[in-house]
Amino acid sequence: MRAAELEAAHDYTSLPMNHWEALTMYRSIFQFTYLFDSGDFGDRADAIRARIRGECSTNCRGELATLVAEVSDALVRFPDDESLEANLGPAMPWATRAVLIEINRQAHEHLSGHHAQGR
């Protein structure tokens, strides 16, 4: 058999992820749920900023690299809000393209501002 025939491409539009799959695949993204649900922040951008800056530790670069990879994967795998809602919505109803893009933007900003050249 050809290699292309062996690789089964999963079509998430015909069979969306269930709750546990989303939590397993996107653990770092899910960690924002409490902050968004708590009501402690004026808006989601403030909650994202608090999570990224508040969790800065000795492994910040590694943790944010994982977060950026997960967000980038979700944005590519689910190219519109409808597919994001169908697949991540059961576990993370707040996960829209706009929110995920903001998470990536702030993570990159933090990494380039606070951790550039080994800082």
Side-chain angles (χ1 to χ4, degrees):
M1 292 182 85
R2 293 184 353 207
E5 292 172 348
L6 294 174
E7 293 180 20
H10 186 83
D11 179 12
Y12 288 100
T13 56
S14 61
L15 182 61
M17 287 184 167
N18 64 33
H19 188 267
W20 71 266
E21 286 177 301
L23 293 178
T24 301
M25 199 163 184
Y26 299 109
R27 288 183 189 149
S28 296
I29 297 172
F30 180 72
Q31 293 177 3
F32 286 88
T33 299
Y34 172 75
L35 292 176
F36 293 153
D37 291 347
S38 72
D40 292 342
F41 299 93
D43 61 17
R44 290 203 169 137
D46 289 342
I48 293 166
R49 193 171 301 105
R51 169 79 173 91
I52 289 172
R53 289 182 183 166
E55 296 295 321
C56 190
S57 65
T58 56
N59 190 29
C60 184
R61 285 183 271 184
E63 291 170 9
L64 285 183
T66 299
L67 174 63
V68 167
E70 285 183 17
V71 170
S72 297
D73 180 81
L75 289 169
V76 169
R77 192 179 304 265
F78 312 117
D80 53 52
D81 279 331
E82 292 78 25
S83 59
L84 272 170
E85 182 179 349
N87 288 281
L88 300 187
M92 298 167 259
W94 51 264
T96 64
R97 290 188 66 74
V99 171
L100 294 179
I101 289 168
E102 180 63 15
I103 290 171
N104 249 3
R105 187 192 70 72
Q106 287 198 35
H108 281 283
E109 183 179 280
H110 178 82
L111 286 168
S112 63
H114 296 297
H115 299 290
Q117 300 176 353
R119 284 193 255 170

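Predicted model, so just to flag it, every value in this text is computed and none were measured.
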Closest approach of [X] to [Y] (non-hydrogen atoms, all atoms of both residues):
X	Y	result
Ala91	Leu23	CB-CD2, 3.8 Å
Leu84	Thr96	CD1-C, 3.7 Å
Met17	Leu88	SD-CD2, 4.4 Å
Ile29	Ala74	CD1-CB, 4.4 Å
Met92	Tyr26	CE-CB, 4.0 Å
Phe32	Ile48	CE2-CA, 3.8 Å

(message) For residues 74-88, which residue pairs pass the salt bridge (Lys or Arg N to Asp or Glu O under 4.0 Å) check, not counting sequence neighbours?
(response) Asp73-Arg77

(message) Give me each pair satisfying salt bridge (Lys or Arg N to Asp or Glu O under 4.0 Å) with a member in residues 101-110, each pair once, sequence neighbours excluded.
(response)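 Every pair satisfying salt bridge (Lys or Arg N to Asp or Glu O under 4.0 Å) with a residue in residues 101-110: Glu102-Arg105, Arg105-Glu109.
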
(request) Return the set of residues passing salt bridge (charged side-chain N to carboxylate O under 4.0 Å, His left out) with Glu63 (not counting sequence neighbours), or none when no residue passes. (result) none

(request) Treat each ILVMFWY residue as a node, draw an edge where side-chain heavy atoms are under 4.5 Å apart, and state whether Leu67 and Val99 are in one component. (result) yes

(message) Test of understanding: clusters of I, L, V, M, F, W, Y form through side-chain heavy atoms closer than 4.5 Å, transitively. Do Phe30 and Leu35 belong to the same one?
(response)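 Shared cluster, no.
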
(request) Report yes if some heavy atom in the side chain of Val71 is under 4.5 Å from a heavy atom in the side chain of Ile101; otherwise report no. (result) no

(request) Kindly compute the distance separating CD (Gln106) from CZ (Arg53), expressed to the nearest 0.5 Å. (result)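 Reported value, rounded in 0.5 Å steps: 7.0 Å.
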
(message) For the OG atom of Ser72 and the CD1 atom of Ile103, what is their distance to the nearest 0.5 Å?
(response) 11.0 Å

(message) If we ignore hydrogens and angles and just use 3.5 Å, is the side chain of Arg44 paired with the main-chain N or O of Phe36 as donor and acceptor?
(response)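 No, the answer is negative, given that no donor and acceptor are paired below the 3.5 Å cut-off.
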
